[in-house]
Amino acid sequence: MSGPLADLRVIELCDELGQYAGKLLGDLGADVVKVEPPGGSSARAIGPFVKDIPGPDRSLNFWYHNTNKRSVVLDIEGDAGDRARFAQLCAGADVLIEDRQPGALAALGLGEAELRAANPRLIVCSITPFGQTGPWKDHATSDLVALALGGPMVMNGYDQEDAPGAPPIRGHGDQGYNTASHHALHGILAALFYRDRTGAGQYIDCSMHEALSQTVEVGMPYWLYARTDVFRQTARHAAAQRTEPWLVHAKDGKDLILFGVGRDNTSWKQLKKWYQAAGFGLQFDEPRFDEPLARQGGTGSPEAAELRAETAKFVAAHDAEAIYRGGQERDQAWGVIRAPDETLADPHWWDRGHFVHTTGEGVDEPVAMPGAPYLLSATPWELRRPAPKLGEHTAEVLAELASG
Amino acid sequence: MADLPLSGIRVCDLTWIIAGPTATRVLADFGAEVIRVEHAQAVDAIRLGRPIVGDGPTLNNSGFFSYFNRNKKSILLNVRHPMGMDVLKKLIAASDVVVENFSSGVMESWELDYPQLKAIRPDIIYCSISGFGHSGRDKAFTTWGPTAQALCGLAITSGLPGKMPAGWGYSYMDHTAGYAGAIAIMAALHHRNRTGEGQHIDISQVEAGIVLNGPAVLDYTVNGRSWRREGMPPGNHAWEPAVAPHNTYRCAGDDRWVAIAAMNDAEWQALVRAMDEPAWAADPRFATNAGRLAHQEGLDARIAAWTAPQEDYAVMALLQAAGVRAGVCQRASDRFERDPQLAARDWWHRLEHGEMGEVDYDGVVPKLSLTPGQLRSAGPLLGQDTWSVLEEVAGMTPEEIAEHEAMGVLM
């Protein structure tokens, strides 16, 4: 069995910004040839490293974002022969993704226009911080700076009383790069579908800044429709007004996100029984708690305040995982705040075959990491090869080129 | 009508809230005919969601809804009525794609799980987006965006060290599960073009989030280090690559901040020159990245003292001119009114809405040179396309439609 893109050859000239787009294509079956400079992609220098020893083949950032790719070293900046080889690779490819500075490839004679003239079926996608045009096109960025300018950060942070004077907060994991890559995939696959019908390739200009500006949920429509900026609040949605807290601390020091507590009468009965069996919320049998609206936070009702107080005490008397599971079993869409690695301990994801095992320099046994973001019944996501060592496939790919 | 990349593709859209509608918005932007199947007795809660235009919600004046449902059609159909279910099956038979984001088990209860959909239309592409997916021991559990963000490991990565998590201030995982849905659907369409074969795409919102922190998981499985440890999350300091300075700094005005990152010594030196070479910056402790990391708090305090009296955009302009990575923490109003980059790229659009009048939109992110995505229509009024869709897509006669309406099926 192979992925839905198994017929595609992709050339990837990407570092941190675009490497996830190449992974998404490769994980869906495409043959992704990653072209790297002689010193290797800059992503190979990003930690954490295996046993904290740096090295081009020991970056776990690189391991994760470069599955299902082959690595070919070409010195396209310094060597005319390698530039010709790069052009030849693109001549035989379906897709080129690149994240170089706007104009950088064109300056080498490898611009999208030249490459597409030689191969009209080629889809070229440039993933850049701000796009190919505009006054900021050459501005310097990073994931932090991108999340600042694009809008996510100003929506993340704390209520004043929780952290006075705290700044907007960046969530980690290079989510700016990830979001840009998701949008790049939308463009590439839409263009691919068009090519399926017409045979014509095209050029795609994908801006991380625009991708982020459109990925802030209620933040953007609040301005577009009400000319209001939402403001950040601890561990819950930024909003135009102050809202009730969602974060609740458990006995074991872990936190949960709880909302909709007692929203409807059916689940309220189950919750009440659960609290009361542990000795909390004994007053909930009083008729004043029967009305759903009275229990709702934000109404200022004494019942809502008492429910919140009893919930805090109930949760503080239990471990977080027990509250999470107990809540879900009682139709509450609650969640325990887990570290990324703590997801490994939940058997549900193993039931679904989510985690996969990879390998590389410095580990004796295969190690687990996240796998498929989607299960496709006919053409499943598949880990066919771990991230390549630097230049691991140079000879192989050049031999393929030579044999046409 | 222009030939768009997904012209000719029809999507039977059973989605609601944000995650599902985000997936179908991508398809609609690229030209797919997306038909939202709605029911007035169980209306999409987002139709009542703020911001609304006017005094109270009318089901048609939610900006929240309109923003996520541009370019789509809406029909009213009561699928709990047997005649309504028959109409739905006609729509499915005429569709390439069915998308839903109900709790796992709902489609089964409607007798519309994948084998049954396949019996109606053999090459159907069926995409389900649920909290935990359609398999696994906890498949009946449910999520909202913030639940998913807690469970997948995203929420804990956002916050100041020693504080409670700040989490995500919006449903990032509603967007991202939807983005994953659009990717998988379009990839499956390509496979169908080649082979004639459809399939079921099963997306778990939590899984779509677990994949966004792969290096953190590997740091545990390879090095035994969990993100749940002293000093983590590191706030706006860098995790990896570990560099300094890397933070947000307060500027003049109310809650105005600029983010600055120096990824190496050369960028640090450029920052020092842009700050006009203050004496403190010559301190040998700050000469190397290791030294700057070890004395990050002192470093941050000095940079913050430099930015504090200045206007944020002025700091950004000064630093960018020096080649230093810097950007204002922009609000939505800043992006709409002050951001010259978005303006220069014609990012903002205006469409006529059936009830709200002229409304503003942002554009289509990936700009395709030959067949760019388009904004053709604002979010649909509830049921505005019922008659035309039933006639043109389901192949019903006006008499049949009128009969269905009289029987209370089209509500």
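Quick note on labels: first sequence line is chain A, next is B, and so on, each numbered from 1.
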Polar contact flag, side-chain donor to acceptor under 3.5 angstrom, [X]-[Y]:
X        : Y        : result
B:Thr176 : A:His182 : no
B:Asp29  : A:His186 : no
A:Thr215 : B:Tyr172 : no
B:Ser226 : A:Glu342 : no
B:Arg335 : A:Ser213 : yes
B:Ser135 : A:Arg352 : yes
A:His183 : B:Tyr179 : yes

Max heavy-atom pair count under 4.5 Å with chain B, selected residue of [options]:
options                                : value
A:Met208, A:His209, A:Glu329, A:Met153 : A:His209
A:Pro373, A:Pro340, A:Ala200           : A:Pro340
A:Phe193, A:Tyr225, A:Phe259           : A:Tyr225
A:Gly157, A:Ala6, A:Cys125             : A:Gly157
A:Ala180, A:Gly219, A:Cys206, A:Ala211 : A:Ala211

Donor-acceptor pair, side chain of [X] and main chain of [Y], under 3.5 angstrom:
X        : Y        : value
B:His175 : A:Glu217 : yes
A:Gln214 : B:Gly363 : yes
A:His348 : B:Asp138 : yes
A:Asp205 : B:Lys367 : no
B:Gln320 : A:His139 : no
B:Asn223 : A:Lys51  : yes
A:Arg170 : B:Ala238 : no
B:Glu207 : A:His354 : no
A:Glu210 : B:Trp347 : no
B:Gln341 : A:Thr133 : yes

[X] versus chain B, the contacting section by heavy-atom distance below 4.5 Å:
X        : value
A:Val363 : side chain
A:Phe62  : neither
A:Thr343 : side chain
A:Asn61  : both
A:Ile257 : side chain
A:Phe231 : neither
A:Leu8   : side chain
A:Ala146 : neither
A:Thr358 : side chain
A:Trp334 : backbone
A:Leu344 : side chain
A:Trp246 : side chain

Inset, instruction - Applying side-chain contact (heavy atoms from CB on, under 4.5 Å), run through B:Leu370 and A:Arg195 and close with a yes or a no. - result: CA-CA 11 Å; B:Leu370 189 60; A:Arg195 195 189 75 165; over 6 Å; no

Legend entry - B:Arg194/A:Asp7 under salt bridge (Lys or Arg N to Asp or Glu O under 4.0 Å): CA gap, chis, key distance, verdict: CA-CA 9 Å; B:Arg194 290 168 54 221; A:Asp7 60 318; 3.5 Å; yes

Inset, instruction - Check step by step if side-chain contact (heavy atoms from CB on, under 4.5 Å) holds for A:Val367 and B:Tyr220. - result: CA-CA 9 Å; A:Val367 287; B:Tyr220 178 79; over 6 Å; no

Inset, instruction - Give the intermediate values and the outcome of ring pair (Phe, Tyr, Trp, His ring centres under 6.0 Å) for residues A:Trp349 and B:Phe132. - result: CA-CA 9 Å; A:Trp349 309 120; B:Phe132 291 77; 5.7 Å; yes

Inset, instruction - Is it possible for you to check whether A:Arg227 lies under 6.0 Å from the centre of the six-membered ring of B:Phe336, through NZ or CZ, and within 45° of that ring's axis? - result: yes

Inset, instruction - For this output row, return yes or no: ring centroids of A:His172 and B:Trp227 closer than 6.0 angstrom. - result: yes

Inset, instruction - Write down the atom of A:Ala368, the atom of B:Val217, and the distance for their closest heavy-atom approach. - result: O-CG1, 4.2 Å

Inset, instruction - Quick one: closest heavy-atom pair of A:Gly171 and B:Trp168, and the distance? - result: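 A:Gly171 and B:Trp168 have their closest heavy atoms at CA-CH2, 3.3 Å.
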
Between [Y] and [X], does any NZ, NE, NH1 or NH2 come within less than 4.0 Å of an OD or OE carboxylate oxygen?
X        : Y        : value
A:Asp52  : B:Arg225 : yes
B:Arg137 : A:Asp346 : no
A:Asp341 : B:Arg228 : no

Legend entry - Flag side-chain contact, heavy atom, 4.5 Å: B:Asp339 against A:Trp136: yes

Legend entry - Side-chain heavy-atom pair A:Asp196, B:Leu189 within 4.5 angstrom cut-off: no

Inset, instruction - Apply salt bridge (Lys or Arg N to Asp or Glu O under 4.0 Å) to B:Arg325 and A:Asp143, showing your working. - result: CA-CA 10 Å; B:Arg325 302 167 206 249; A:Asp143 193 71; over 6 Å; no

Legend entry - Derivation and outcome, side-chain contact (heavy atoms from CB on, under 4.5 Å), residues A:Leu144 and B:Asn236: CA-CA 8 Å; A:Leu144 169 78; B:Asn236 294 329; 4.2 Å; yes

Inset, instruction - Check step by step if side-chain contact (heavy atoms from CB on, under 4.5 Å) holds for A:Phe130 and B:Arg345. - result: CA-CA 10 Å; A:Phe130 299 98; B:Arg345 284 168 63 82; over 6 Å; no

